[in-house]
Q: 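Have a look at this one before I ask anything.
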Number of protein chains: 2
Amino acid sequence: MNLKELARKLDLSPTTVSRALNGYPEVNAATRERVAEAARRYNYQPNTRAIRLATGRAMAIGHVIPLATRHEIVNPVFADFIAGAGEIYSRNGYDMLLSVVPDDTEERAYRELKSRGTVDGVIVHGPRLNDERIPLLVELGIPFVVHGRATGTESPYAWVDVNNRRAFQRATEFLFDLGHRRIGLINGLEFMDFAIRRRRGYEDALAARGIAPDPEMMVSEEMTEGAGYRAARRMLALPHPPTALIASSMIMGLGARRAVEDLGMKMGRDVSIIIHDDELSYMRNGEDVPIFTATRSSVREAGRLAADMLLGMVQGKLTSPAEHLMEAELIIGGSTGPYRS
Amino acid sequence: MNLKELARKLDLSPTTVSRALNGYPEVNAATRERVAEAARRYNYQPNTRAIRLATGRAMAIGHVIPLATRHEIVNPVFADFIAGAGEIYSRNGYDMLLSVVPDDTEERAYRELKSRGTVDGVIVHGPRLNDERIPLLVELGIPFVVHGRATGTESPYAWVDVNNRRAFQRATEFLFDLGHRRIGLINGLEFMDFAIRRRRGYEDALAARGIAPDPEMMVSEEMTEGAGYRAARRMLALPHPPTALIASSMIMGLGARRAVEDLGMKMGRDVSIIIHDDELSYMRNGEDVPIFTATRSSVREAGRLAADMLLGMVQGKLTSPAEHLMEAELIIGGSTGPYRS
DNA sequence: CTGAAAGCGCTAACAA
DNA sequence: TTGTTAGCGCTTTCAG
């Protein structure tokens, strides 16, 4: 059943039916009702391909994941973020396009996205230090929102992020309060923006206690289990080993735990580990309190928020994200870009 | 730059240009070269929206993730699978659509996919026991490939899977060989097909040793860290506790390790844990040998394979996946569906 | 308030 | 080997 057929059944022109269905004000209320009823009866579904061609909009948002950051997908944060964004898209009739692009092809990928018109906007995942994608997207005129931030970029852009710095500062302080004095950091690669911020939080906490950061206590590696394993092993084998570790991701943390095991040490006695993004790190005395990082529901809200912002930009009816930010304590959204209140 | 403009520059009809660019045989070689050259010079990119409307194809494949299975995304296997599939899509000019759909809306979601024509085919993730999606997709006539299998479904369908049964059988045997006699299974929810197969592998190994499965040694829960934690705690607190655990996912395994820690036990002495999908479970004496499960590269190959099969179905030029299967030892692909050799 | 007509940018018969 | 002519199913002026 397409528009023309439906119109014929109703003895109306396709134009009127289209207008009725799309909520144009000039349609007679009775007519509109009749149209709506018929659309329901015949289970009319507009053909998206035709809409896209006619309007010139793609009705789709791209989520671009650099292959190098593929591991990002494995992050629970990513799943929740995507789920949140997906909600907003489907509510608004948009599709979500996932592209995993090889790092060396990234620029071309964005240019094609633009010239072929497959998406109306993009969510940028895994921002890096001085991320070149941001000026590129600005230049191309593709609306975008960054999941995270890109230190060093001076182009204005919209972003949604969690407070990585504070999370690691708090985690470090927490360990200090427990009596630890030598704390190792097992971090992701420090060209990733979040990793930089996490390190800063860790160092801030050290500084507050008047402790100078020790290079041997800080590892920056790819976020894999193997890297976490090797990092922990190395640190724990030092003449003056750490008594606690902070791991920057679930998967690195798993590796670190495994290293402790292989070294014949005992968790909690010989060494303690705090894992960022670890669900159980939220719990204190059995209560589900977020201690160090964003909760699952707030990450999901971040996804909704980012999608919301982006659709606003795409459709030209922008709103300030400010009120959302109040709701989700751990999420710092913001924009120096095109937002109006 | 669109087709018409390009044609005008070349003093040719849009038809000829289209044919030249799309490799139709009837075009003069010289003309084709001239066209290709011009397309390059003017950086001509065909408008996907127009192609889609004109051909009636969506040029897109949907990956549908039930919200209940959202956690699937967090699985490293998912990331690799997606990355593999994505390769094939982009090589063939297809887009990858990700839809995370609420469980109660799933049927409607598929019907819409069909009637709005947003995708040409679908990859079904997280198949369940007697999965109703399979007959539905067959009924709707949407080409699909299942990532995994659905026990109990008698409609024929194409699928790509890893050998979950064998993986868990081997893991269990491995623990037996190490001297363990009481082994706990921390499994995902057993309406998920993979969880059923894993349990079967575990039970097969027990049976081979003449050991009857003990219900107290088998937990089936949502694949979260909290569930893994609680399951391990409960089992380890039993009067006759297990000396080893097999966890069905990284995230459950992390929870289990945490439980061991909280109970003041020592990994490797008081209890051993094998985690499925755990990168380090591949390593034996430092050598990178897959022991229990699929390797990252074979999962990626599975994604490629599934995408390949699906595109074949979609485009009507089907080929048998048999040869791929030889390459990737741990992947069992197959189809009782529309494949010809 | 409703309709006629043109057009979005491509593809695919059918002619030449 | 190339061109002419209709569409694909919708939206969007412009008239009425």
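Convention: sequence-line order gives letters A, B, ...; per-chain numbering from 1.
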Q: Tabulate atom names and distances for all N/O pairs under 3.5 angstrom spanning the protein and nucleotides 7-11 of chain D.
A:
{"from": "dC8(D)", "atom 1": "O2", "to": "Ala54(B)", "atom 2": "N", "distance (Å)": "3.4"}
{"from": "dC10(D)", "atom 1": "OP1", "to": "Tyr44(A)", "atom 2": "OH", "distance (Å)": "2.9"}
{"from": "dC10(D)", "atom 1": "OP1", "to": "Asn47(A)", "atom 2": "N", "distance (Å)": "3.1"}
{"from": "dC10(D)", "atom 1": "OP2", "to": "Leu3(A)", "atom 2": "N", "distance (Å)": "2.4"}
{"from": "dT11(D)", "atom 1": "OP1", "to": "Asn22(A)", "atom 2": "ND2", "distance (Å)": "3.2"}
{"from": "dT11(D)", "atom 1": "OP2", "to": "Ser18(A)", "atom 2": "OG", "distance (Å)": "2.5"}

Q: Less than 4.5 Å apart, any side-chain heavy atom of Val146(B) and any of His125(B)?
A: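 Answer no - side chains too far apart.
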
Q: For Arg111(A), check salt bridge (Lys or Arg N to Asp or Glu O under 4.0 Å) against everything at least two apart and list the hits.
A: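 Salt bridge (Lys or Arg N to Asp or Glu O under 4.0 Å) check on Arg111(A) returns Glu107(A), Glu139(A).
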
Q: What I want to find out is whether Glu5(B) reaches Lys9(B) closely enough, with some N-O distance under 4.0 Å, to be called a salt bridge.
A: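 Lys9(B) and Glu5(B): not salt-bridged.
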
Q: According to salt bridge (Lys or Arg N to Asp or Glu O under 4.0 Å), who are the partners of Glu106(B), at least two apart in sequence or on a separate chain?
A: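 Result, salt bridge (Lys or Arg N to Asp or Glu O under 4.0 Å) vs Glu106(B): Arg128(B), Arg133(B).
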
Q: May I ask you to say whether Glu37(B) pairs ionically with Arg40(B), meaning some side-chain N is under 4.0 Å from a carboxylate O?
A: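 Here Glu37(B) pairs with Arg40(B) in a salt bridge, since their nearest N and O are under 4.0 Å apart.
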
Q: Check the phosphate of dT2(D) against Thr16(B), side-chain N and O only, distance under 4.0 Å to OP1 or OP2. Yes or no?
A: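 No, because none of the side-chain N or O atoms of Thr16(B) sits under 4.0 Å from OP1 or OP2 of dT2(D).
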
Q: Closer than 4.0 angstrom, basic N to acidic O: yes or no for Asp161(B) and Arg149(B)?
A: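 Result for this pair is yes, salt bridge flagged.
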
Q: Would you say Asp131(B) and Asp193(B) make side-chain contact, with heavy atoms under 4.5 Å?
A: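 Sidechains of Asp193(B) and Asp131(B): no contact.
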
Q: Please find the earliest and latest nucleotides of DNA chain C, in the 5' to 3' direction, that have an atom within less than 4.0 Å of any heavy atom of chain B.
A: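 Contact boundaries, 5' end first: dG9(C) to dA13(C).
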
Q: Do Asp120(B) and Arg52(B) meet the salt-bridge criterion of a basic N to acidic O distance under 4.0 Å?
A: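 Answer for the salt bridge query: no.
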
Q: Any side-chain donor-acceptor pair under 3.5 Å between Ser18(A) and Thr15(A)?
A: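 Judged by distance alone, the side chains do not pair up.
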
Q: For the helix from dC1(C)-dG16(D) to dA16(C)-dT1(D), what angle lies between the axis at the first five pairs and the axis at the last five pairs, to 10 degrees?
A: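 About 40° separates the two local helix axes.
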
Q: Show me the donor-acceptor pairs within less than 3.5 Å that the side chains of residues 23-33 of chain A make with the rest of the protein, sequence neighbours left out.
A:
{"from": "Asn28(A)", "atom 1": "OD1", "to": "Ala30(A)", "atom 2": "N", "distance (Å)": "2.8"}
{"from": "Arg32(A)", "atom 1": "NH1", "to": "Ala20(A)", "atom 2": "O", "distance (Å)": "3.0"}
{"from": "Arg32(A)", "atom 1": "NH2", "to": "Tyr24(A)", "atom 2": "O", "distance (Å)": "2.6"}

